[in-house]
Amino acid sequence: MFWRKKQPATSEARLGRIDTFWLIAATALCGAPLALHLDLWMSLALATLLLWRTQIALSGGTLPSKWLLAPLTLLAAAAVLATQGTLLGRFAGVGLFSLLVGLKLLETEHQRSAVLVILLDYFLIITQLLFGQGPWAALSMALQLLAVTATLLGLFGSPSGARQRLKATGLMLLQALPVMALLFVLFPRIQGPLWRLPEERGGARTGLSDDMSPGTIAELSQSAETAFRVRFAGKRPAQNQLYWRGPVLWHFDGQTWRADPLATAGSPVPAWVKGDSVDYTVTLEPHRRNWLFALDVPVRIPPDARLSSDYQLLSNNPVNELKRYDVSSMTHYLLPTHPGALQAALALPSGYNPRSVALARDIRTRAATPQAAVEAVLKMFNQQQFYYTLEPPRLGRNSVDDFLFATRRGFCEHYASAMVFLARAMGIPARVVTGYQGGEFNPLGNYLIVRQSDAHAWTEVWFDGAGWVRVDPTAAVARERVERNLAAALPEAEALPFSLRTQPEFLRRLRFGVDNLLNHWNQWVIGYDTQRQRNFLRSIGIEDFVSSQMLAALLVGGLLASAPVLVWLWWRGRPLRADPVQAAWLTFCARLARHGASRHPHEGPRDFARRAAALLPQHATEITAIADLYMQLRYGGNDADAKPLRALVRRFRP
Amino acid sequence: MNPWLSAPRSQFERWLFRPIGPRAGPIVLGHRQIFIVPSRLGLGFAVLLLVLLVGSLNYELSLGYVLTFWLVGIGHASMYHCYRNQSRLSLRHGKCQPVFAGQRARFEIVLDNLNRHARRNVQLTLPGEASVAVDVPAQGSAEAYMERPATSRGYLLPGRMTISNRYPLGLFYAWSYADFDARCLVYPEPEANVGLPAASGHGRQGRHRGAGQDDFAGLRPHRPGDSLRHIAWKSAARGDTLLTKQFIGSEVGSLWLRWDDMPPDFGVEQRLSRLTAWVLQAERAGLDYGLRLPGSELAPAHGPQHEQLCLQVLALFGKKSA
């Protein structure tokens with residue numbers, strides 16, 4: 001049979017079995033990536049709801065009643081509130097939303113509510129992007145889009161086979177690409193959030209924090225995750241100059257170093273700088289804190305950031321998404337300070353580390369100047385038996401004493417901590433600076449990759465007349481750490497993640513290649529923001545969003561973006577071309593029709609010709625000749641040549 | 001609806017849709033005939049797009065923009081698909097079997113697809129009736145049967161039919177109107193529980209025919225309604241006009257069904273209804289029967305053709321002949 005009948009597709013129509021399974025599968029696919037981020041119980045609850053719905057669909061049972069679903073909904077909300085402390089925010093909000101979609105599915109048996117679930121599924125797709133926008137997220141997004149759209153396609157009359165359905169949907173997704181690309185490039189990007197997610201509790205955070213105790217940075221060093229990438233506009237500074245300043249720590253309680261809220265809130269005393277500036281662009285991975293990273297003394301900072309009084313570069317908003325910013329820094333400088341700050345840089349907890357205090361006094365009395373005293377400490381680290389290691393022994397209450405006199409094995413935070421402690425005990429103001437040191441240059445993409453394993457802590461010491469001076473005690477112990485990288489500085493026996501180890505050349509190149517692709521993705525897809533858009537539009541001659549150029553771009557672009565769909569649809573759907581004989585005959589009929597002799601649908605060529613000849617007697621011979629030739633060609637046999645008929649018809653002008 | 005609104009609205013509709021009256025067909029749906037608007041789901045989809053856009057903007061989600069704009073593109077493509085699903089579709093009407101008043105008339109509509117793509121889930125709707133959904137294969141045809149209640153005798157027109165579709169995603173609703181002059185003949189509703197009239201003076205209860213063919217009286221030109229059994233096939237094979245054999249005596253044993261035999265207080269429809277019932281019964285009983293109405297008369301005869309002719313005369317009694 002050529003045709004088949006269907007149930008009228010009214011909104012009250014029941015959802016077919018196959019469509020139900022599609023809907024469940026699409027929802028499961030949209031919820032699956034969230035399992036990586038949400039609490040385990042949420043994912044399990046969602047999976048349970050979906051399995052429950054599947055079981056009902058399989059057994060043909062009835063859906064749970066409202067009296068069961070309503071309490072379940074309240075229970076889900078209560079559970080989220082209990083485990084997350086809020087119903088908003090990324091983890092709580094997304095988790096609750098996914099559960100609500102699952103519950104909605106449990107009361108979906110008609111097409112009308114199925115359509116609603118599909119809209120909710122589309123929204124579910126975007127929620128995973130709150131947790132990351134890497135290429136994998138994009139791939140998963142595309143797959144989900146395919147599944148959800150194919151489900152929708154099934155509801156409105158489509159091939160029922162899964163392959164056909166996916167093919168038709170995939171084709172439509174491809175046809176949508178030009179419009180997507182056009183809007184992505186031209187649609188005005190607006191800077192900044194309209195509202196903020198409430199402050200999160202929990203949730204994994206990577207990267208530096210605003211406090212430091214023994215082991216903090218050593219732990220970070222195990223991670224090969226990228227912290228940020230840097231592209232230098234001009235020459236890249238030497239590796240041992242790459243100190244990326246992060247949180248500055250002032251307060252020591254015997255164990256932990258903390259930042260000074262006052263210093264963070266204040267504004268800086270202008271620094272004295274000289275020489276050429278280093279210009280670079282940092283693309284920072286989200287770390288959900290406010291600080292940005294820059295070399296030594298930034299002189300030009302991004303518009304939505306500020307410098308604190310201890311020269312930390314702080315963003316006005318937490319860095320929740322990939323952030324790109326331009327900075328210019330000076331590497332020759334004299335860093336002044338607020339007078340009150342020096343007092344804070346001398347504070348030590350009383351009753352801790354008595355042996356270290358004694359040692360500091362001893363060094364100070366033997367040194368002529370503060371500079372010489374600091375030199376002496378560095379010399380001590382360098383010449384006595386101190387070791388640089390990722391696995392230092394545990395330290396007791398007097399952590400600096402234990403380190404300096406007993407264990408002598410430490411990571412950068414141990415050396416920085418001891419250095420500042422000794423300096424302060426000598427009466428020299430000092431502070432701990434945390435951040436990153438160095439980075440790996442990717443020659444393929446011509447940019448620097450700074451990883452969490454490059455996290456570092458060093459010190460700044462105040463000398464009258466010279467200002468704050470950077471002193472890196474780790475360099476005194478393990479020069480390679482600063483000159484090259486962590487792997488070079490650590491002894492061979494230390495356990496480092498594979499990716500941080502020295503690798504064969506081809507593997508290195510492969511890694512650089514992959515990272516380069518990732519960087520392009522970051523720069524052009526994720527990082528396509530207001531500024532990049534403006535630059536791009538300017539490069540194609542559009543200065544303003546409200547301009548004739550923009551209008552022209554939208555019109556021409558819109559036509560170009562529409563055209564592929566139209567052309568494809570036309571080409572695939574073009575009508576069957578009549579064969580030449582038929583075409584000539586149709587022309588002939590059309591000409592006769594204009595003179596009052598139109599062919600009736602039931603009339604064969606012979607009858608029609610007879611009638612037409614009677615109606616137009618002056619053309620009777622031609623009409624008969626054409627009709628005879630037509631019938632001969634049409635029904636007479638094979639290998640018909642249409643030419644004579646076409647010639648006759650062409651000459652026929654009644 | 002508010003009359004202040006409905007009047008301009010119907011004006012607008014009249015202007016927009018320009019009714020041109022029933023047409024013989026085939027009706028080809030060109031761009032002048034197809035209207036397309038976002039469906040209710042389409043509006044919901046637009047709201048979703050707005051929410052996604054605001055979300056992407058707020059959380060600076062570049063991939064969120066990608067998702068939003070991709071969905072815009074999908075909506076855009078689906079608009080073209082929806083339009084194309086209906087564009088250049090050709091509709092014609094087929095036969096419609098006569099029905100009795102009170103039954104449902106069934107109009108056959110044939111959808112022809114000359115194009116190389118299949119049409120999916122095309123809905124045909126008559127006002128007040130449920131839709132019928134059809135798939136039309138590429139370069140193929142599909143038939144749909146549109147039903148309408150036949151309330152009164154005479155010719156029934158299907159009325160303005162709506163051809164619509166929401167393919168592929170239901171985001172858009174495209175529709176066209178087709179007004180076919182397909183006519184369905186509606187016979188009067190036969191009166192229930194009524195016996196045949198008694199044989200009148202110069203008629204008698206008919207007998208089963210069978211062997212009464214020997215009184216051959218000659219040939220006359222064939223008229224529609226003549227029994228096929230009486231066609232002179234031998235002479236038909238020689239020339240191209242059909243002749244009917246006439247028999248003497250066939251009038252003698254016939255039953256006359258007469259308008260005037262009805263009780264005088266019967267109205268027109270009531271009379272027609274009873275006559276209809278008589279025709280059906282007489283035919284079932286295998287009688288020869290004639291029909292006599294004011295202004296027309298059908299000679300007694302027998303067979304499905306005669307029955308149909310009688311019913312047609314009854315159906316169209318008093319109507320302007322079409």
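Note on naming: letters A, B, ... go to the chains in the order of the sequence lines (proteins, then strands), and numbering restarts at 1 for each one.
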Quiz prompt | Donor-acceptor contact present, side-chain Q175(A) to main-chain I74(B), <3.5 Å | solution = no
Quiz item: What part of T169(A) gets closer than 4.5 Å to chain B, counting heavy atoms only: side chain, backbone, both or neither?
Solution: neither
Quiz prompt | side chain to side chain donor-acceptor pair (under 3.5 Å) against D529(A), all qualifying residues, sequence neighbours excluded | solution = R324(A)
Quiz item: Less than 4.5 Å apart, any side-chain heavy atom of H117(B) and any of L569(A)?
Solution: no
Self-check item: Winner by heavy-atom pair count (cut-off under 4.5 Å) against chain B, out of V115(A), L116(A), L129(A), L322(A)
Solution: L129(A)
Quiz item: Do you know the tightest heavy-atom contact between S62(B) and Q133(A)?
Solution: N-OE1, 3.0 Å
Quiz item: What do you reckon, is CZ of R606(A) surrounded by more than 12 foreign heavy atoms closer than 6.0 Å?
Solution: no
Quiz item: What part of L61(B) is in contact with chain A, defined as an atom under 4.5 angstrom from a non-hydrogen atom: side chain, backbone, both or neither?
Solution: both
Exercise. Report the distance from atom NE2 of H76(B) to atom CG of L182(A), rounding to the nearest 0.5 Å.
Key: 10.0 Å
Quiz prompt | Residue W521(A) versus chain B: region with a heavy atom under 4.5 Å | solution = side chain
Which side-chain N or O atoms in residues 63-71 of chain B pair as donor and acceptor under 3.5 Å with protein atoms at least two apart or in another chain?
unit_1: T68(B); atom_1: OG1; unit_2: G64(B); atom_2: O; d: 2.7
unit_1: W70(B); atom_1: NE1; unit_2: L173(A); atom_2: O; d: 3.0

Self-check item: Approximate separation, where rounding is to 0.5 Å, of I126(A) CD1 and Y59(B) OH
Solution: 10.5 Å
Quiz prompt | Closest-packed option against chain A by number of heavy-atom pairs under 4.5 Å, given L171(B), N113(B), N165(B), L169(B) | solution = L169(B)
Exercise. With a 4.5 Å cut-off on heavy-atom pairs, point out which of A176(A), A142(A), A138(A) contacts chain B the most.
Key: A176(A)
Quiz prompt | Heavy-atom proximity to chain A below 4.5 Å, by part of L111(B) | solution = neither
Self-check item: Minimum side-chain heavy-atom gap I118(A)-L41(B) below 4.5 Å
Solution: no
Quiz prompt | For M172(A) against A77(B), the heavy-atom pair lying closest together | solution = CG-CB, 4.0 Å
Practice problem: For R84(B) and W570(A), indicate whether the former's side chain and the latter's backbone hold a donor-acceptor pair under 3.5 Å. | Solution: no
Quiz item: How long is the gap from NE2 on H81(B) to CG on L171(A), to the nearest 0.5 Å?
Solution: 6.5 Å
Self-check item: Contact winner vs chain B - L566(A), V565(A), L177(A), heavy-atom pairs under 4.5 Å
Solution: L566(A)
Quiz item: Do you know which two heavy atoms are closest between N121(B) and F156(A), and how far apart they sit?
Solution: ND2-C, 3.5 Å
Quiz item: So, do V72(B) and M180(A) sit near enough that their side-chain heavy atoms are less than 4.5 Å apart?
Solution: no
